[in-house]
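Here the structure is laid out as structure tokens; the discussion comes afterwards.
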Amino acid sequence: MRDFYGTALANGFMLGTAQYPSPAILAEAFKQSGASVATVSLRRESGTDQAGQAFWQMIQDLGVHVLPNTAGCHTVKEAVTTAHMAREVFDTKWIKLEVIGEEDTLQPDVFGLVEAARILSEDGFQVFPYTTEDLVVADKLLQAGCEVLMPWGAPIGSGLGLNNLFGLRAMRAHFPDVPLVIDAGIGLPSQAAAAMELGYDAVLLNTAVAKAGDPVQMAVAFATAIAAGQMAQTADPMEPRDMAAPSTPVIGKAFLE
Ligand SMILES: CC(=O)[C@@H](O)[C@H](O)COP(=O)(O)O
């Protein structure tokens, strides 16, 4: 697995912290799954009141890498301000940058995203941009200083999985050295496994775990699938072929060697 701004993660499971039935279930989902990164929205949780402080403390106590995000920001200014607040609260340079451009799909405003990425990178942030699978935008984000890209699987909260396999595969092939994370829209562990099999370095998801009937069990299922997908990828999977090929050996030739 590629490093994220020089940080090697124990696994490719990045888990969101919103919408759980209770803080105890959230904590247990992290503990049992071993997810290595927790992403936190500063705009949804109040950082100043007592409940907000307790929530931040609980996240810190999970002992995982914290990736604050700018979820809910619609302008460059909002996103940049939120990133600054996040750096103060969590004492980290990491920021998952979201600049939402369209309400029905929560599609990123890629123009605002590139601008905000440049401003934050120049200010010393290590930016994880939530983007589409557009290769031109990806290039602009890299030029703006991003060293990680996070293309969407599908719209946030949709659970539709990997909507554009061609685009996601092309992105992996086009940027072989860039750490890539599928962010958003993942509904099932099998989709997360497929992302890792494509050669992605991590998967970030929230809704599919938090909204499951049993979030803890679902988090473990995702952790298992992500590990399996990564293991399969490094085992050099076979190339699919159009024609049949007998898998039963001819007599007297059981092995290739
Ligand atoms: C938590 C977070 O950062 C979300 O904005 C993220 O994109 C996850 O999306 P899903 O809820 O679709 O998994």
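Remember, it's 1-based here, ligands and their atoms both numbered in the order they're listed. Atoms considered below: every heavy atom in the structure, side chains included; atoms not considered: hydrogens, waters and symmetry mates. Fair warning: this is a prediction, and the values are worked out from it, not measured in the lab.
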With a 4.5 Å heavy-atom cut-off, do [X] and [Y] have their side chains touching?
X      : Y      : answer
Thr132 : Trp152 : yes
Met85  : Glu88  : no
Leu142 : Phe175 : yes

Side chain, backbone, both or neither: which part of Ala71 comes within less than 4.0 Å of ligand 1 when only heavy atoms are counted? neither

In terms of the angle between their ring planes, are Phe128 and Phe4 parallel, tilted or perpendicular, with boundaries placed at 30° and 60°? parallel

Please confirm whether the backbone N or O of Leu67 pairs with a side-chain atom of Thr39, one donor and one acceptor, at under 3.5 Å? yes

Residue [X] vicinity, atoms of ligand 1 by number, heavy atom under 4.0 Å:
X      : value
Lys96  : 2 (C), 3 (O), 4 (C), 5 (O), 6 (C), 7 (O)
Asn69  : 3 (O)
Ile156 : 5 (O), 7 (O), 9 (O), 12 (O)
Leu205 : 13 (O)

Of the choices Val209, Asp183, Val40, which has the non-hydrogen atom that lies closest to atom 8 (C) of ligand 1? Asp183

If we check side-chain contact (heavy atoms from CB on, under 4.5 Å) with Gln107, which of these qualifies: Asp104, Thr105, Asp109? Thr105

Could a heavy atom of Gly185 be found less than 4.0 Å from some atom of ligand 1? yes

Ligand 1 contact by Gly157, heavy-atom criterion under 4.0 angstrom: yes

Please check if atom CG in Asp91 has more than 12 non-hydrogen atoms from other residues, nucleotides or ligands closer than 6.0 Å. no

Check this for me - ligand 1, Ser158, N or O atoms closer than 3.5 angstrom, yes or no? no

